[in-house]
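Working notes for the structure below.
These figures come from a predicted structure and were not determined experimentally.
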Amino acid sequence: MTDTHGDPSSSTDTARVGIKTSLLGAEKVAERIDETDQLNERSVGQTIGQGISPPYPPEQLTSLLELNGTVATGVQKKSRREVGFGFDIVGHDRVSDPAPEQRERVADFWYGPDTIWKVGPTGTPTASPIEVLQKARKDFHTVGWLALELLYAGADTELVGMAHLPAATVRLKRHEDADDDERKAGHGFVQELDGQTRYFAEAGDRHNTTLDGDPNPIYVDKEDGEVVEGEPPEDVQPANELLFVRNNHPNTIYYGLPDHIAELQTIVADQQARDFNRKFFEYDAIPAYLFIVEGGTLSESEREDLRGIISQLRNKEGRRAAIIEAEELADSDFGSGDVSIRVEQLTQQGEEDMSFESFRRHNERTIASALEVPVQLLGRTESANRSNSEQAITDFIKTVIEPAQERFAGRLYSTLHQDILDAPDWTLEFQTRGGEDERRQAEIARTRIGPEWLVNEAREALGLEPIDELDGVLVGDAFDANIQTLPRDGVPEREGS
């Protein structure tokens with residue numbers, strides 16, 4: 001196995017790069033960055049000479065988004081529902097009294113006007129945190145891992161932003177002492193495009209400590225990959241760091257794999273069925289025929305003449321079967337001597353050849369099952385009703401989306417909040433949508449509301465708009481015992497008032 005960007009069974013290290021994924025431009029080290037260390041991608045060949053190759057060529061995995069609509073829709077649905085509806089900064093459940101100053105640091109990073117968010121190459125507009133995270137989660141479900149570039153200014157330890165780095169272009173750096181055919185990981189990551197190489201440190205390197213808790217920062221030179229402990233010398237150009245998150249799979253050590261990898265053959269079969277279907281109707285649903293020449297041979301020019309006659313007749317007859325008369329063939333003076341041409345049908349089109357829709361529907365359900373996405377979200381409603389659709393989406397939210405949100409939030413918390421921002425009291429809680437989630441959240445909020453709450457705080461928890469007239473009024477003072485609900489228009493009149 002070679003450490004190349006291409007197929008592990010091949011020695012080639014050139015592979016097609018997905019032209020729809022873009023990398024960001026490199027910036028000057030001394031300046032406060034407004035870009036990233038990522039190389040700028042064009043439609044060029046790509047080699048990863050210093051990285052460990054993943055089990056599957058990532059550019060082929062990303063191409064499935066263009067070849068298979070079920071995969072594309074499923075990946076989009078999962079990434080959007082995981083992070084696309086935003087997040088809240090909440091106190092960690094193990095902290096009884098989270099420090100307000102820590103929340104301010106976290107909020108300043110995620111929402112501050114000076115934080116840099118990037119998803120495109122140099123010159124593209126800045127993005128939002130949700131855009132960066134959603135593109136990363138899409139990579140996670142497409143190739144099996146994600147890469148978020150943590151932006152710093154030179155050798156500073158202050159985190160100034162985050163950028164999405166296309167996961168298909170990232171490799172774990174191979175150890176400097178590894179043999180040519182040895183898969184031994186070094187420290188950091190590498191990105192190599194058309195002979196240009198860029199190295200990255202690992203997330204949290206600049207805030208690394210010894211076992212005794214003493215600061216021991218680690219820097220990686222972005223030009224040559226040299227690893228330096230302690231303050232970097234002047235000749236070292238400190239690289240940005242990468243937060244690398246894998247979709248773990250037992251068949252790979254250093255990388256992850258997408259969930260739908262188990263149905264790769266089904267995806268290929270589905271594409272072949274589509275190609276067969278397209279070609280079948282491209283030729284007006286006429287089965288393939290074989291023209292057999294007997295009693296002589298045809299020259300190349302005569303072959304072209306025969307093809308021309310068949311093409312002209314077919315175009316002239318439109319969607320009806322083309323009729324080739326013996327006289328027409330005879331007038332063309334094909335071959336020499338006693339030459340005869342006969343036509344035989346190659347294929348028979350039976351009902352099994354026409355069942356494209358049922359075959360593709362079966363493939364769609366199989367692929368959706370591997371993605372753990374309910375078919376109701378893919379637009380399949382043949383056997384769906386409001387009840388089972390809502391239940392399927394609710395189960396999807398509870399068993400797939402929410403666990404993924406918790407894992408991802410935990411990774412951001414341990415790396416960013418704990419290690420880099422020094423704010424362990426606060427974490428992120430990603431929002432969800434779908435099924436009974438909104439109603440469930442309202443019911444939970446309703447059980448928490450007490451008389452000591454302000455009315456507008458209670459209304460906000462229930463998803464209702466605030467009422468200006470009730471600003472500052474307690475629920476206990478405004479609660480209408482006659483209808484057992486919060487007032488909608490104002491404070492109810494009290495007896496004797």
Side-chain angles (χ1 to χ4, degrees), residues 23-40 89 99 101-122 124 126-129 132-133 136 147-165 170 173 187-191 197-210 212-244 411-426 428:
L23 305 177
L24 307 176
E27 33 67 58
K28 297 180 181 180
V29 177
E31 299 175 350
R32 177 176 175 85
I33 57 176
D34 55 8
E35 303 295 347
T36 81
D37 284 345
Q38 302 173 39
L39 292 171
N40 195 23
I89 301 173
E101 63 274 11
Q102 293 186 20
R103 189 189 190 286
E104 185 176 349
R105 285 198 297 272
V106 173
D108 185 61
F109 171 73
W110 288 107
Y111 302 127
D114 297 328
T115 306
I116 300 164
W117 302 97
K118 300 291 288 184
V119 294
T122 303
T124 58
T126 57
S128 67
V132 172
L133 296 180
L148 291 168
E149 183 180 6
L150 308 183
L151 309 181
Y152 293 90
D156 291 350
T157 59
E158 179 186 359
L159 183 64
V160 298
M162 183 184 292
H164 163 258
L165 195 154
V170 180
K173 191 177 73 172
H187 187 87
F189 305 90
V190 62
Q191 179 188 46
T197 304
R198 181 74 73 237
Y199 294 91
F200 295 89
E202 298 179 5
D205 273 357
R206 300 191 185 203
H207 297 80
N208 184 58
T209 60
T210 64
D212 296 329
D214 298 326
N216 184 38
I218 299 175
Y219 291 88
V220 173
D221 192 306
K222 69 179 181 181
E223 297 295 338
D224 60 17
E226 178 186 0
V227 179
V228 178
E229 293 190 16
E231 292 300 320
E234 292 184 0
D235 59 340
V236 171
Q237 301 184 55
N240 285 328
E241 300 173 352
L242 282 191
L243 175 59
F244 190 87
R411 188 63 180 272
L412 294 173
Y413 167 77
S414 62
T415 303
L416 299 182
H417 294 196
Q418 279 189 314
D419 296 344
I420 298 177
L421 298 177
D422 190 25
D425 292 1
W426 299 89
L428 299 182

Next item on the list: Assess whether side-chain contact (heavy atoms from CB on, under 4.5 Å) is satisfied between Arg411 and Leu243, documenting all intermediate values.
Entry: CA-CA 9 Å; Arg411 188 63 180 272; Leu243 175 59; 3.9 Å; yes
Looking only at heavy atoms, which two atoms of [X] and [Y] are closest? And how far apart?
X	Y	result
Thr415	Ala203	CG2-CB, 3.5 Å
Pro238	Arg206	CB-NH2, 3.6 Å
Thr115	Gly161	CG2-CA, 3.9 Å
Arg103	Ile89	NH2-O, 3.7 Å
Val132	His164	CG1-N, 3.8 Å
Glu223	Gln237	CG-NE2, 3.4 Å

Is [X] reaching over with its side chain to a backbone N or O of [Y], donor-acceptor style, under 3.5 angstrom?
X	Y	value
Asp212	Asp214	no
Lys173	Gly225	yes
Glu241	Asp205	yes
Tyr413	Pro424	yes
Tyr219	Ala155	yes

Check: By side-chain hydrogen bond (donor to acceptor under 3.5 Å, both in side chains), which residues pair with Trp117, not counting sequence neighbours?
Finding: none
Notebook entry, point to check: Can you list the residues that meet the side-chain hydrogen bond (donor to acceptor under 3.5 Å, both in side chains) rule with Thr157, with sequence neighbours excluded?
Noted result: none
Check: Under the criterion side-chain contact (heavy atoms from CB on, under 4.5 Å), which of Met162, Glu149, Arg198 is the partner of Asn240?
Finding: Glu149
Notebook entry, point to check: Testing Leu242, Leu416, Leu133, Leu165 for side-chain contact (heavy atoms from CB on, under 4.5 Å) with Leu148, which one passes?
Noted result: Leu133
Item checked: Derivation of the side-chain contact (heavy atoms from CB on, under 4.5 Å) call for Ile420 and Phe109 -> CA-CA 11 Å; Ile420 298 177; Phe109 171 73; over 6 Å; no
Note to self: Using the rule given for side-chain contact (heavy atoms from CB on, under 4.5 Å), can you reason through Leu159 versus Tyr152, listing the C-alpha separation, both sets of side-chain angles and the distance that settles it, and then say yes or no?
What the structure shows: CA-CA 5 Å; Leu159 183 64; Tyr152 293 90; 4.0 Å; yes
Checklist line | Thr197 side, atom OG1; Gln191 side, atom CD - distance, nearest 0.5 Å | finding: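 Answer for the OG1-CD pair, Thr197 versus Gln191, is 9.5 Å.
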Note to self: I need the His417 NE2 to Leu428 CG distance, nearest 0.5 Å.
What the structure shows: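 If I round to the nearest 0.5 Å, the distance is 4.0 Å.
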Next item on the list: Go through Glu229 and Asn216 one step at a time and tell me if the side-chain contact (heavy atoms from CB on, under 4.5 Å) criterion holds.
Entry: CA-CA 7 Å; Glu229 293 190 16; Asn216 184 38; 3.4 Å; yes
Notebook entry, point to check: Should Ile218 and Val227 count as side-chain neighbours, where that means a heavy-atom distance under 4.5 Å?
Noted result: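 A side-chain contact exists here, since the closest heavy-atom pair is under 4.5 Å.
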